[in-house]
Amino acid sequence: MPVASKTKRKSAQDPTRAFFDDLAAREHEPLLQNDSGTIRFDLADGRRVEHWYVSIDKGDINVSHDDAAADTILRTDRSVFDRIASGRMNALAAMLRGELVPEGDLSLLMAFQRFFPGPPRTRARRRTNGRERSPR
């Protein structure tokens with residue numbers, strides 16, 4: 001099976017794991033070269049809480065499952081984060097609705113939020129003024 005096919009299937013089955021695996025594979029991200037700090041994601045799934053710990057050191061990125069103290073902590077349900085990680089939900093909108101609860105250094109979160117994917121593209125036709133048109 002081709003690697004791209006495996007990655008696509010893995011992403012569809014577990015968007016959260018795919019998001020953090022992709023982040024870890026970057027190792028260094030130039031967009032974060034002026035940022036340093038830690039972010040812990042606490043993802044609740046029933047009584048179980050899954051932890052993802054992201055360390056950023058002037059663009060160098062390390063991802064683990066640590067439950068250590070962090071500069072920024074984000075708490076949400078696993079299902080909400082799956083939607084954020086797949087681009088079906090905007091992280092800022094989730095915060096405004098109280099579905100994603102931040103704590104700590106929000107400036108680090110704002111620098112990091114650019115790594116959440118945008119909405120998936122659709123091939124469906126959009127309706128405008130009663131007429132159908134294809135997306136450009």
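Fair warning: this is a prediction, and the values are worked out from it, not measured in the lab.
Taking the six-membered ring for Trp and thresholds of 30 and 60 degrees, Phe116 and Phe81 have ring planes more than 60 degrees apart, a perpendicular arrangement. Relative orientation of the Phe115 and Phe112 rings is tilted, given thresholds of 30° and 60° on the angle between their planes.
Summarising the geometry, atom CG belonging to Leu106 is positioned 8.0 Å from atom CE belonging to Met110; distances are rounded to the nearest 0.5 Å. Rounding to the nearest 0.5 Å places CG of Leu108 at 6.5 Å from CG of Asp71. A distance of 6.5 Å separates CD in Glu99 from OG1 in Thr76, rounded to the nearest 0.5 Å. Distance CG/Asn62 to OG1/Thr38: 11.5 Å, rounded to 0.5 Å. Rounding to the nearest 0.5 angstrom, the gap separating the CH2 atom in Trp52 from the NE2 atom in His65 is 3.5 Å. Here CG of Leu74 is found 6.5 Å from CD1 of Ile39. Values are rounded to the nearest 0.5 Å.
Heavy-atom minimum distance, Ser86 versus Pro15: CB-CB, 3.9 Å. Nearest approach of Ala85 to Phe19, heavy atoms of both residues: CB-CB, 3.8 Å. When all heavy atoms of Ala91 and Leu100 are compared, the closest pair comes out as O-CD2, 3.7 Å. Shortest non-hydrogen contact noted between Tyr53 and Ala70 is CE1-CB, 3.8 Å.
The shortest side-chain heavy-atom distance between Leu109 and Met95 falls under the 4.5 Å cut-off. Contact annotation: the side chain of Phe41 never approaches that of His51 to less than 4.5 Å [non-hydrogen atoms, C-beta and beyond]. Two residues are said to be in side-chain contact when any heavy atoms from C-beta on lie closer than 4.5 Å; Leu31 and Arg114 meet this criterion.
With sequence neighbours excluded, the residues satisfying salt bridge (Lys or Arg N to Asp or Glu O under 4.0 Å) with Arg26 are Asp22, Glu29.
Using modelled atom types, one side-chain atom of Asn90 and one backbone atom of Leu92 make a donor-acceptor pair closer than 3.5 Å. The backbone N or O of Lys58 lies less than 3.5 Å from a partner atom in the side chain of Ser36, making a donor-acceptor pair.
For the salt bridge (charged side-chain N to carboxylate O under 4.0 Å, His left out) condition, the pairs that include at least one residue of residues 41-53, sequence neighbours left out, are Arg40-Asp42, Asp42-Arg75, Glu50-Arg78.
Leu23 and Ile73 are not part of a single hydrophobic cluster, where members link through side-chain heavy atoms under 4.5 Å apart.
A side-chain donor-acceptor contact under 3.5 Å links Asp82 and Thr16.
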